[in-house]
Number of protein chains: 2
Amino acid sequence: MRGENAPPSWARLPGARCRAVEHLTKLEGLKEFELFEGIDEGFFQALAISAEVLELGAGTALYREGEPSGAVYFVREGRAKLYRSVGGPKARDQILGVVGDGSVLGLGAALEGRPQSHGATALTDCVLYAVFRDDLFDVMGRFPAGAVRLNRVLAARARELEDLVGDLVFRSAPQRVARMLLNLATEEGRVTKRGVVFEPSLSRQEMAEATGISREALSRALSRLAQEDILDLDGKTITILQPAELRSRT
Amino acid sequence: MRGENAPPSWARLPGARCRAVEHLTKLEGLKEFELFEGIDEGFFQALAISAEVLELGAGTALYREGEPSGAVYFVREGRAKLYRSVGGPKARDQILGVVGDGSVLGLGAALEGRPQSHGATALTDCVLYAVFRDDLFDVMGRFPAGAVRLNRVLAARARELEDLVGDLVFRSAPQRVARMLLNLATEEGRVTKRGVVFEPSLSRQEMAEATGISREALSRALSRLAQEDILDLDGKTITILQPAELRSRT
DNA sequence: CTGGTGATTTGATCCAGATCACGCAGCGCG
DNA sequence: CGCGCTGCGTGATCTGGATCAAATCACCAG
């Protein structure tokens, strides 16, 4: 049925597996998306009928840059990174953004009918609803109100990318590190009396890629902040001891 | 600002002036937008009724970063730059993109109902169709097929921004200069037997801002290319003598 | 405990590109 | 005319962060 489409990369990956789930479950999950608040019931049903539930193990790729768009993915649970790569001798990645539940992946490529402009990989175990392009267009045609809402996803992405460009161009490495930490903290941190504690879903390497600097530079920036008692580094967990001070270094 | 419709900045700017134009003219103009190919006639009429024709002199600002979204602008003629700024002692701009006719400005902010995330300024004299937010939402509600098309604009913008991030992070200054020249050439160049000739709509300063480097570095990069007979610089006009060579420096 | 493998830190250089400083050309204007 | 102003080119420094090199740490299998 979807024979013309090359199988999306998740279908070929060991970490991913499809699960049969009853209809109602999926429908309920979709209704939780803030994005679709106030949208007609029929839209959810139509989407739910088309959706495949997808469990993606941490670290497995959902799609890669340049790959033809097979589907869009509604993130129900977990966190994923979007990134760009360069090959060649000195291969590198740049993280474009980290998205959590309630977001949508692969939408731009699906709507434009062009190859993916970035790769997407699960940072934690994820639960996604995959909707194939054909089905998406079908549902969009039948429930335009829902389709129009999808605009917001792209508007938000564009805004975030503009922010990223601004950071890369205008701010120094230490400033970007500070911002990255604050972002991670608001996403993943628990507030305690010592400060904001979290165990980042990003490795040091990935933090560097998100910040647009080398792993070594990131390491140095962190140690520096620890030395100044703004951070506490203990194994994998990071505590922001002086959030205000960190913010002032932005 | 007072009320929900604070006057958009163009209304306060000397270079801008509104023109009374008959209905049919505007409608014809809108139908030329490739973006809306195949869309129902009613959509154009509804948009045309709401649209104001706006003439914007070269160099005048359409909207600024942080300003509340008043309207969206359909670019009928001319070229405009989108940019980010930092204030402070060492104020700088970074050009996020240059758009020409057939594109739409200010859409993200309008849809999100948030302040503009970037500024927009005319590079050349422009003719725009301005549609106020309220009117836009009204038309989108009545003609969802057209509304859904708008997401292509945002998808394209997001893709372009991803490209920009990739360039900034992965490529060296000379490589970015080469790309910028090639982009300008395809947009604005005439092919002659000597090579591709154009008189850029961007000043040197702006070329530097688009490339993410200093004016001096841009100047040097250009002279270098001229020295190697890849470019010819003559006053304001640039001729790309060896497009292939330039492309290989990407 | 022992060795191995990968991630992280630390330390020591290097260099692309920013910054600073200056000269020069055009251009409107009293 | 001379004056200031803005935009552009070019040379001379300076430096943030990349890169190279090596040590340390964490974790696991045996």
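We name chains A, B, ... by the order of the sequence lines, and we start the count at 1 in each one. These numbers come from a predicted model, not from an experiment.
Take A:Gln175 and apply the side chain to side chain donor-acceptor pair (under 3.5 Å) test, not counting sequence neighbours, and it matches A:Ser172. With sequence neighbours excluded, the residues forming a ring pair (Phe, Tyr, Trp, His ring centres under 6.0 Å) with A:Phe33 are A:Phe74, listed by chain and number. A:Arg76 is linked by a side chain to side chain donor-acceptor pair (under 3.5 Å) to A:Tyr129, counting only residues two or more places apart in sequence or in another chain. For A:Val197, the side chain to side chain contact (heavy atoms under 4.5 Å, CB included) partners at least two apart in sequence or on another chain are A:Arg190, A:Thr192, A:Thr239.
Rounded to whole Å, atom C1' of C:dT9 lies 10 Å from atom CZ of A:Arg204. Following rounding to the nearest Å, A:Asp234 (CG) and C:dT8 (P) show an atom-to-atom distance of 15 Å.
A:Val104 is not listed as a side-chain neighbour of A:Val75, based on a closest heavy-atom distance of 4.5 Å or more. Proximity of B:Glu67 to B:Pro115: side-chain heavy atoms (C-beta onward) are nowhere separated by under 4.5 Å. You'll find the side chain of B:Met207 reaches within 4.5 Å of the side chain of B:Met180, heavy atoms only.
Counting only residues at least two apart or in different chains, salt bridge (charged side-chain N to carboxylate O under 4.0 Å, His left out) contacts with residues 239-250 of chain A comprise A:Glu228-A:Arg249, A:Glu245-A:Arg249. Among pairs with a residue in residues 192-205 of chain B, those fulfilling salt bridge (charged side-chain N to carboxylate O under 4.0 Å, His left out) read B:Arg194-B:Asp232, at least two apart in sequence or across chains. Residue pairs that meet the salt bridge (charged side-chain N to carboxylate O under 4.0 Å, His left out) test with at least one member in residues 207-218 of chain A, sequence neighbours left out, do not exist here.
For the helix from C:dC1-D:dG30 to C:dG30-D:dC1, the rotation axes defined at the first and last 5 base pairs enclose an angle of 30°, given to the nearest 10°.
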Under 3.5 Å, side-chain donor or acceptor atoms of residues 84-91 of chain A against the rest of the protein: list the pairs with distances, not counting sequence neighbours.
residue, atom, partner, partner atom, Å
A:Arg84, NE, A:Ser117, O, 3.0
A:Arg84, NH1, B:Asp163, OD1, 3.3
A:Arg84, NH2, A:Ser117, O, 3.3
A:Arg84, NH2, B:Asp163, OD1, 2.5
A:Ser85, OG, A:Asp93, OD1, 2.9

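The closest donor-acceptor contact from the side chain of B:Glu206 to the backbone of B:Ser203 lies under 3.5 Å. In this structure, A:Tyr83 contributes its side chain and A:His118 its backbone to no donor-acceptor pair below 3.5 Å.
Along DNA chain D, the stretch of nucleotides lying under 4.0 Å from any heavy atom of chain B spans, 5' to 3', D:dC8 to D:dA12.
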Under 4.0 Å protein heavy-atom contacts per nucleotide of nucleotides 11-24 of chain C, with B for base, S for backbone only and - for none: BB----SSBB----
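Listed by residue number, the members of residues 195-203 of chain B with any heavy atom below 4.0 angstrom from DNA chain C form an empty set.
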